[in-house]
Each structure stands twice: as structure tokens, then as C-alpha cells.
Amino acid sequence: MRSPEAINSRVLIDSDYDVVTTQFGMWIFIAMEMLFFGGALFLYSSERHFYPEVFAIGSAHLELGIAATNTAVLLTSSLTMALSVHFLEAKRKHYVVGFLILTAVLGAAFLGLKGYEYLLDYRHGTLAIVGYNPDFLAPKEVALFFSLYFLLTALHAVHLTIAVIWCTFLACRIGATKIYQESTMTKWRGPVDVLGLYWHFVDIVWVFLLPLFYLLGEGK
Amino acid sequence: MKTLVATYLALLLLLGLTLLAHKFELGPWNSTIGLAIAASKALLVAWFFMSLNTSSTSARLAAIGGVLWIFFFYFLGALDVFYRPAMPGSWWK
């Protein structure tokens with residue numbers, strides 16, 4: 001229940017309304033995204049149930065070092081994104097823009113490392129999109145693991161690419177705001193909140209992909 | 001801000017724990033531990049970084065709803081896939 005002062009203040013009503021409904025809408029979207037990734041993950045679960053040994057063999061061929069580094073990079077990007085939201089609430093424009101740029105750079109670093117990993121997969125003949133090297137795949141059912149690996153990691157990479165472009169765009173827009181006023185920063189609250197929620201969701205997806213693909217089989 | 005940094009450090013610690021657990025040969029428990037730590041990391045990110053701790057009830061309901069639908073989806077899907085009897089001549093196992 002809003003206080004009479006808040007009801008009399010149109011700015012506060014609009015601002016409150018905007019944040020609550022925007023966050024709610026974004027969480028509904030994230031719930032749909034969860035089901036979207038859930039479909040592919042269910043396919044993974046059922047195939048792994050039938051071919052557990054094949055998944056363990058496939059997992060041993062992946063680059064755990066790169067994946068662990070990428071996880072640390074993405075977790076760091078989540079912190080910088082959370083800090084940009086924090087400084088937006090404190091109305092510190094330069095910090096907001098700085099942390100948004102840092103977040104985008106970390107996201108791009110993740111994509112660069114992931115691209116390098118795909119290159120290594122290509123050299124090994126295990127990159128699903130260009131076909132498999134039959135000499136490398138033994139047993140041939142390992143192709144099933146690599147297909148699912150590529151499907152899910154590529155879907156994640158597409159999501160992260162969108163987030164990086166969005167983050168860069170928003171940093172430029174906020175950075176270009178000339179008039180530094182309280183109302184000016186308040187209007188960015190919704191867009192930055194939404195981007196933040198999306199970014200963290202993409203981070204969470206990767207957090208699950210790490211044990212599902214890279215940490216199967218024997219310890220190394 | 002201190003909470004955000006503390007959450008980040010906890011996440012890095014959990015990542016280290018994930019990699020450490022992988023060094024030990026625990027059979028099927030390796031995967032279970034990896035997923036349990038991943039779920040803990042996801043909870044930390046959702047609660048502190050995604051601000052569910054200060055979000056409105058509607059946002060929290062939408063978040064919980066998403067997780068619940070995943071469980072329904074998995075439960076019903078698993079019933080079908082894992083308990084469907086093999087049909088003669090079917091490609092399905």
C-alpha cells in the first residue's frame with residue numbers, strides 16, 4: 001500500500017510501477033528461457049541415461065582448463081553487472097558505464113575462449129557442425145555426446161552474444177546522456193535491471209553446463 | 001556492495017570446490033556433487049545478483065514458477081522416456 005505522499009508524487013508512482021512490472025515481465029521471460037534450455041537438457045538426460053559410458057568418454061576429450069577459466073570469467077562478469085546496477089541505484093553515471101563496459105569485455109573474452117575451444121574441437125574432428133573424424137570417435141556413439149555439447153554450448157554462446165551487444169549498446173546510450181540529473185539516471189533503471197537479469201540467467205546456464213559436460217567420467 | 005563482493009568470493013570458492021571434487025573418483029557421486037554445487041551457485045546468483053532478496057512478490061513467484069515448471073516437465077518426461085516398454089521392431093531402446 002503506497003503512502004499518500006507517494007500517491008501524490010507521479011514520478012515515484014511511475015518509477016515504482018516501472019521497476020516492479022519490468023522485473024516481473026523479465027522473470028516471466030526467464031521462466032520461458034528455462035523451459036527452452038530445459039528441453040535440450042532433457043534430451044541430454046535421456047541420452048545420458050542410455051549411454052553413460054559414452055558421455056564419460058566424450059567428456060574426457062573436452063578442455064576442462066578453458067571451461068574452468070571461462071566459468072571464472074563469467075562469474076566475474078556477473079559481479080561487474082551487479083555492480084553497475086548497484087551504482088545506478090546510487091546514481092553514479094561513470095561507474096555504471098564503466099562496469100557495463102567491463103561486463104561486455106568479460107563477456108567477449110568468454111566468447112573468444114569458447115571460439116578457441118571450438119577451434120580445438122574442429123582440429124580433433126569433434127565439432128558437430130562440420131562433421132566428425134571417424135578415427136577419433138571410438139565408439140562412434142560418442143558423436144551423440146558431442147552433438148549435445150555443441151547444441152547446448154552454442155545456444156548459450158548465442159544468448160551471451162546478444163547480451164554482449166545489448167550491454168555495449170546500453171553503455172553507449174547511458175554514456176552519451178549529457179544531462180546528469182537524478183531523473184535522467186532513473187529512466188535507465190528498467191533497461192539496466194532487465195539486462196542484468198538476462199546476463200545473470202546466461203551465467204546460471206553456464207554454471208550448469210560445466211558439470212554436465214566437462215566433469216563427467218574419471219577425475220583428471 | 002559488500003554483499004555483492006562476498007557473493008562473488010563465495011561463487012569462486014564453489015567453483016574451486018567443483019574442480020577439487022572432480023579430482024576424486026567418487027563414481028556417480030562426482031556428477032551429483034557437481035550438480036549440487038551448480039545449484040548452490042545458481043541460488044547465490046539468483047538471490048543476491050538478481051536481487052530476488054529485495055524483489056517484489058510477483059517477481060519471486062515468476063522465478064519459483066519457472067523452476068516448478070522445469071520439475072513438472074522433467075518428471076512427466078522422465079516417466080515417459082524411462083518407463084516406456086520397448087516396442088517390437090522399434091528404434092527406441
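In the text below, chain A, chain B and the rest are named by the order of the sequence lines, each starting its count at 1. The structure displayed is predicted, hence computed values, not measured ones.
Looking at B/Leu19, the atoms closer than 4.5 Å to chain A (heavy atoms on both sides) all sit in the side chain, from C-beta outward. Contacts between B/Ala39 and chain A at a heavy-atom distance below 4.5 Å involve backbone atoms as well as side-chain atoms. Residue B/Ile37: no heavy atom, backbone or side chain, is found under 4.5 Å from chain A. For chain B, the nearby parts of A/Leu35 are the backbone and the side chain; heavy atoms of each come within less than 4.5 Å.
Taking chain A as the reference chain and counting heavy-atom pairs below 4.5 Å, the highest number among B/Gly34, B/Ala21, B/Ala42, B/Ser56 is found for B/Ala42. Listed options A/Ala82, A/Gly39, A/Ala31 were ranked by heavy-atom pairs under 4.5 angstrom with chain B; first place goes to A/Ala82.
Counting heavy atoms from C-beta outward, B/Leu35 and A/Leu212 have side chains that approach closer than 4.5 Å. By the 4.5 Å heavy-atom criterion applied to side chains, B/Asn30 and A/Leu215 are not counted as neighbours.
The line from OG1 of B/Thr54 to CD of A/Gln23 is 7.0 Å long, rounded to the nearest 0.5 Å. Atom-to-atom distance recorded for B/Met50:CE and A/Met81:CE is 11.0 Å, nearest 0.5 angstrom. Here CG of B/Leu61 is found 12.0 Å from CH2 of A/Trp27. Values are rounded to the nearest 0.5 Å. Between the OG1 atom in A/Thr76 and the OH atom in B/Tyr8 there is a gap of 2.5 Å [rounded to 0.5 Å].
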Side-chain donor-acceptor contacts of residues 64-77 of chain B below 3.5 Å, not counting sequence neighbours, with atom names and distances?
unit_1	atom_1	unit_2	atom_2	d
B/Tyr74	OH	A/Leu41	O	3.0
B/Tyr74	OH	A/Phe42	N	3.0
B/Tyr74	OH	A/Ser45	OG	3.4

Acceptor/donor pairs from residues 200-207 of chain A side chains to any protein atom, 3.5 angstrom cut, sequence neighbours excluded:
unit_1	atom_1	unit_2	atom_2	d
A/His200	ND1	A/Ser78	OG	3.0
A/His200	NE2	B/Phe49	O	3.4
A/Asp203	OD2	A/Ser78	OG	2.6
A/Trp206	NE1	A/Thr71	OG1	2.9

Legend entry - Intermediate values then yes/no, side-chain contact (heavy atoms from CB on, under 4.5 Å), B/Ser31 and A/Arg48: CA-CA 12 Å; B/Ser31 209; A/Arg48 189 175 155 191; 2.7 Å; yes
Inset, instruction - Given side-chain contact (heavy atoms from CB on, under 4.5 Å), test A/Phe87 with B/Met1 step by step and report yes or no. - result: CA-CA 9 Å; A/Phe87 282 112; B/Met1 190 169 142; 3.8 Å; yes
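More than 12 non-hydrogen atoms from other residues, nucleotides or ligands lie less than 6.0 angstrom from NE2 of A/His49.
When all heavy atoms are compared, the tightest approach of B/Leu15 to A/Ala72 is CD2-N, 3.9 Å.
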